[in-house]
Amino acid sequence: MLLSKNRVIRRRAVVGLLVAASLTLLTMSYREGSTGVVGSVQNGVTEVTAPFASVAHRVTSPFVDGWHWTTGLINARDQTARLHQLEAQAGRDAATIQQQQDQINMLKGQAHYVQQNARFKTVSGSVIIESPDSDTPSVMIGIGSDNGVQMNDPVVAPSSSGGALVGRVKEVTGSTATVQVLLDPAIGVTASVQNRQGANGTIVPSTGTPGELTMAEVPQSALVKDGDTVVTSGYAGKLGSYYPDGIPIGRVTYVQNDDLGQQSKQIQVTPFVNFDNLSGVVVLELQ
Amino acid sequence: MLDYPKALVCVFVLMVLQVSVTPQLYPFGGGPDLIAILVVALALWRGIELAAVAGFVGGLLLDAVLYRHLGMTSLAYLACAWMVTSFAGRGEAGAGMLEPAPPRPLPWVIAGALLVQVCLVAVQLLLGVSYDLGFLVWHQIVPSLLQTTLLALLLLPLLRRLFRPTRIRPDVSAAAAV
């Protein structure tokens with residue numbers, strides 16, 4: 001029992017001494033910093049251990065290099081996969097941004113479209129079904145009689161720089177309306193060439209060139225040049241036009257000057273409206 | 001008595017490995033605490049005296065090589081040795097100390113390594129060094145604990161061969177004398 005007690009006392013003494021030594025060293029180290037006894041002890045220990053550390057470093061360096069090579073390979077594969085993911089994500093984001101930008105442009109155009117004819121008010125709508133290439137080209141829009149849309153109301157495509165004629169309402173329900181576009185052979189719009197005296201005619205789809213328009217029945221005497229702007233003439237009266245005057249239709253791209261004694265000439269017109277990519281329209285309602 | 005030279009050699013070798021090799025393998029902060037593994041193993045298999053001496057010397061060497069305040073890490077390892085011997089049922093009474101059989105060392109290695117980290121942080125705070133707690137936990141303490149645990153799986157069998165636990169029965173003659 002006496003032996004056991006001595007052993008206990010010795011162990012407690014050893015642990016107590018070590019704690020006291022640690023606290024003393026800590027205090028000295030904190031006071032002296034890297035100078036004095038503490039600094040010399042640290043330098044001495046470093047000098048002793050440095051060769052061993054160097055040997056250990058050299059011995060283990062092949063394994064360490066192997067480890068780094070393996071982890072680097074795994075990281076490279078992970079990074080490649082991640083880059084592919086990011087690339088796909090960036091593509092999706094770009095498409096979304098482009099779509100949103102188109103939507104913003106369309107809404108801006110609708111918001112900034114100014115109707116100058118006091119007889120009409122405007123109602124904006126979106127295209128929900130588009131079929132410009134069918135036999136009877138038309139688009140369906142998401143507004144109808146509930147919004148005040150009526151048969152034969154003119155429809156324009158707004159843009160930030162103005163608007164251009166799309167066509168007129170052919171059928172209407174409570175919440176939708178079908179618009180007969182300028183590419184429909186059954187449509188005919190009275191038009192004139194802006195700033196050209198007597199250059200009046202009728203806009204119909206071009207028979208030879210899909211997507212283009214023809215201004216027919218223009219007097220031979222009228223002077224028309226490439227680049228001129230064609231607008232609606234919108235004459236009033238009992239058999240007046242459905243369209244108010246001055247709505248841009250397109251730009252003259254070719255003038256057929258016939259010298260064979262014909263009384264009228266044909267003009268090829270490229271419409272301002274891109275009927276393949278029509279998203280938003282404005283319906284002009286008669287007040 | 002052969003335990004002391006063996007323990008000191010182990011301390012030196014593990015300290016050299018800890019400062020020269022493991023920082024290359026673990027570039028994510030932290031780093032395994034090999035000395036803590038040794039201290040816990042000695043505390044479980046040889047008692048507090050040898051564990052405290054090994055912890056003190058190991059801490060001193062680490063502080064000296066890493067140019068930290070001397071005695072700081074020694075204090076942490078001493079606390080670790082005390083905690084393990086006190087709470088693992090490895091009381092410091094001499095005769096019969098190794099009865100019953102020592103518990104599984106791995107949980108005690110984790111607890112001991114955690115205590116060392118906490119003690120180091122506490123001493124640093126007392127010395128006026130401020131830390132970002134989140135950074136400290138996720139970039140120092142947690143990685144260090146994980147790496148220490150992984151290396152303990154390799155190191156403990158080796159240490160067990162060096163310091164095989166011996167079962168000493170209570171001192172019957174001393175009890176009879178009473």
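Throughout, a chain's letter reflects where its sequence line sits, starting with A, and its residues are numbered from 1. Just so it is clear, the structure is predicted and the values come from calculations on it, not from any experiment.
For Leu60(B), the part lying near chain A is the side chain, with the backbone staying farther off; criterion is any non-hydrogen pair under 4.5 Å. Interface remark: Val14(A) contributes side-chain atoms only to the contact with chain B (heavy atom separation under 4.5 Å). Interface residue Val123(B): only side-chain heavy atoms are found under 4.5 Å from chain A. Of the two parts of Tyr67(B), the backbone and the side chain both hold a non-hydrogen atom closer than 4.5 Å to a non-hydrogen atom of chain A.
Contact count versus chain B (heavy atoms, under 4.5 Å) is highest, among Leu17(A), Thr71(A), Val38(A), for Val38(A). Your options are Val55(A), Val45(A), Val48(A), Val59(A), and the one with the most heavy-atom pairs under 4.5 Å with chain B is Val45(A). The candidate from Asn43(A), Thr24(A), Val41(A), Thr27(A) with the greatest count of non-hydrogen atom pairs under 4.5 Å with chain B is Asn43(A).
Residues of residues 72-82 of chain B having a heavy atom under 4.5 Å from any heavy atom of chain A, listed by number: Met72(B), Ser74(B), Leu75(B), Leu78(B). Contact residues of residues 105-119 of chain B toward chain A are absent (heavy-atom distance under 4.5 Å).
Considering CG of Leu26(A) and CG of Asp63(B), their distance stands at 8.5 Å, rounded to 0.5 Å.
The main-chain N or O of His69(B) is never found under 3.5 Å from a side-chain atom of Gln42(A) such that the two would form a donor-acceptor pair.
Contact detail for Ala53(A) and Ser20(B): the closest heavy-atom pair is O-CB, 3.7 Å. When all heavy atoms of Val65(B) and Thr46(A) are compared, the closest pair comes out as CA-OG1, 4.2 Å.
No more than 12 heavy atoms of other residues, nucleotides or ligands sit less than 6.0 Å from atom CD of Glu87(A). By the neighbour-count criterion of 12 heavy atoms within 6.0 Å, atom CD of Gln99(A) is sparsely surrounded, having that number or fewer from other residues, nucleotides or ligands.
For Arg10(A), the salt bridge (Lys or Arg N to Asp or Glu O under 4.0 Å) partners at least two apart in sequence or on another chain are Glu49(B). Partners of Phe12(B) by ring pair (Phe, Tyr, Trp, His ring centres under 6.0 Å), not counting sequence neighbours, listed by chain and number: Phe52(A).
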